[in-house]
2 protein chains.
Amino acid sequence: MNRIDTQLAPDTKERILDAAEVLFMEQGFEATSLRMITARAGVNLAAVNYHFGSKEDLIKTVFSRRLGPLNAERLAMLDRLEASARGRPLDPTQILEAFLSAGVRLARDPARRGGAFLRLLGRAFAEPSGYVREFMPDQYEAVVARYKAALAKALPHVPDRELVWRLHFIFGAIAYTLGGTDVLKLACRYPLEDEANNPEAVVRHLLPFLVGGLTAPLPDASGVRKSRSARSKQG
Amino acid sequence: MNRIDTQLAPDTKERILDAAEVLFMEQGFEATSLRMITARAGVNLAAVNYHFGSKEDLIKTVFSRRLGPLNAERLAMLDRLEASARGRPLDPTQILEAFLSAGVRLARDPARRGGAFLRLLGRAFAEPSGYVREFMPDQYEAVVARYKAALAKALPHVPDRELVWRLHFIFGAIAYTLGGTDVLKLACRYPLEDEANNPEAVVRHLLPFLVGGLTAPLPDASGVRKSRSARSKQG
DNA sequence: GTACGATTCAAACGATCGTTTGAACTCGAG
DNA sequence: CTCGAGTTCAAACGATCGTTTGAATCGTAC
């Protein structure tokens, strides 16, 4: 059992994980070959299958390495908030800030490695491949349930169904922002770059937007089906 | 020049485009091989390179076939709104609804083919590959500029920089919702499915959320840099 | 030193990828 | 009919993929 490692020169396993994390972020899962990963990590090609079994298991390990602690911290943050509130409903801003701030702390990880993972995470939410879809729900189920319950308590006038919708939109805005896909920025060439790379600045702008959407007036008829006349002729 | 086609039995070119559209949506660009596409379309493998030149050009054609008319309609909708407003600022809800309703109309295209494309479009915003990033800005530049100007006029108290941020978040929520990545739904197993497949229902829920975020109070200090004390010791 | 499990290595495996080739087929014009 | 441009077809191309193999190497216990 080697103990005095991973500090100056990470061992093969972590070198592979670090290289894979960056390359997956830059090019996606399918477009990143094991040869690119091992070349960047400075290890032999066969090391991936030796240490992880397969590329798919490598992908899962890349996620679980960071996602476990991240979501555990999110739960701990919510625990602390609810403990200090003593049964009273929390402020929606507090709740969302707790969720986001854990990501911010990860983004400030040494050597900016956390930032790469956050962008990879945002990208993964839109990945159609079955790889991610298999274990992402397991990783997020507890967090979503707890934060959803806290928000439901904070916003008693919002029906459960509507809250699920708004959580969906919130996740979309967060994932897209973390993913840093930049389509809008590329389209407009608006210079957000300096702030966009500062996670605290992102949260400062994102938080009011999310709370505004979360506390917005409810849609007109929440329960209408298409049983009546279809559309009212708008032109 | 054959004229009487594409009605009962689409020609090879459109059969390929239709098949590619669905498969790209289901599995992404990299994971979809030309052999899957041609097999689904019922055409020969070489037909893709004969009609489109390369897989990359096929991808571009899949997008431009629908994106051109879609964004043209978005511009036309805004033209009509601004004409009837006669110089007065529009309502933010009107503006966003105009943007979204064009997509709704596409989604109700015959044979639900438009729905497949919208989900593909939402997915493409998160694609890291260079394919999409090259021409998506060109397709969206005019639309974003016009709608951004209309929103700036409608929300004179929102600084330009903040408006760009909020447009970014809005695009994220829309793209994620259109993409239908379902991670949240999978995580919670909340039965949104029936409504989620009805584009008008999606807009009915999405619109108040987006307007709420767009008109939310501005973040505390809009211009702060990290010049002062970094953080206030939270524990 | 020797022996042995853990790890690394160069090399190759079969499969699949996007693309190309050249012949066969279609069909209206002459 | 013949012709030829447009299109479709089966087959193969070279490249790259994830994975496997078996020997070489390392580090440690005896």
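Lettering follows sequence order; numbering is per chain, from 1.
Annotation: of the two residues near DNA chain C, Ser33(B) and Tyr50(B), the 5′-most nearest-nucleotide partner is Ser33(B).
In this structure, Asn49(A) places its CG atom 14 Å from C1' of dC9(C), rounding to the nearest Å. Straight-line distance from the CD1 atom of Ile16(B) to the C1' atom of dT8(D): 11 Å, rounded to whole Å. Rounding to whole angstrom units, NZ of residue Lys13(A) and P of dA6(C) are separated by 13 Å. Summarising the geometry, the separation between CG on Leu45(B) and P on dC17(C) is reported as 10 Å, rounded to the nearest angstrom. Separating the CD1 atom of Ile59(B) from the C1' atom of dG18(C) is a distance of 12 Å, rounded to the nearest angstrom. The CD atom of Glu30(A) sits 11 Å away from the C1' atom of dC17(D) (whole-angstrom rounding). Rounding to whole angstrom units, CG of residue Leu58(A) and P of dG18(D) are separated by 10 Å. Across the protein-nucleic acid pair, Gln27(A) atom CD and dC17(D) atom P stand 10 Å apart, rounded to whole Å.
Heavy-atom contacts from other residues, nucleotides or ligands closer than 6.0 Å to NZ of Lys60(B) number more than 12.
Proximity note for Lys55(B) (side chain, C-beta onward) versus dT20(D), dT19(C), dT8(D): the nearest is dT19(C). Closest to the side chain of Leu34(A), from the set dT19(D), dC17(D), dT21(D), is dT19(D).
Between Asn44(B) and dA10(D) there is a side-chain N or O to OP1 or OP2 distance below 4.0 Å. Residue His51(B) has no polar side-chain atom (N or O) positioned under 4.0 Å from OP1 or OP2 of dG6(D). The shortest distance between the side-chain N/O atoms of Thr12(A) and the OP1/OP2 oxygens of dT8(C) is below 4.0 Å.
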May I have the step-by-step check of side-chain contact (heavy atoms from CB on, under 4.5 Å) for Tyr140(A) and Leu67(A), ending in yes or no? CA-CA 9 Å; Tyr140(A) 269 93; Leu67(A) 215 49; 3.9 Å; yes

Quick one: do Asn44(B) and Thr38(B) satisfy side-chain contact (heavy atoms from CB on, under 4.5 Å)? Show the steps, please. CA-CA 6 Å; Asn44(B) 187 270; Thr38(B) 53; over 6 Å; no

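Here Thr32(B) lies in heavy-atom contact (under 4.0 Å) with sugar-phosphate atoms only.
Classification of Glu200(A) and Arg204(A) as a salt-bridged pair fails, no side-chain N sitting under 4.0 Å from a carboxylate O.
Between Phe63(B) and Phe117(B), the two ring planes are perpendicular [angle over 60°; tilted spans 30° to 60°].
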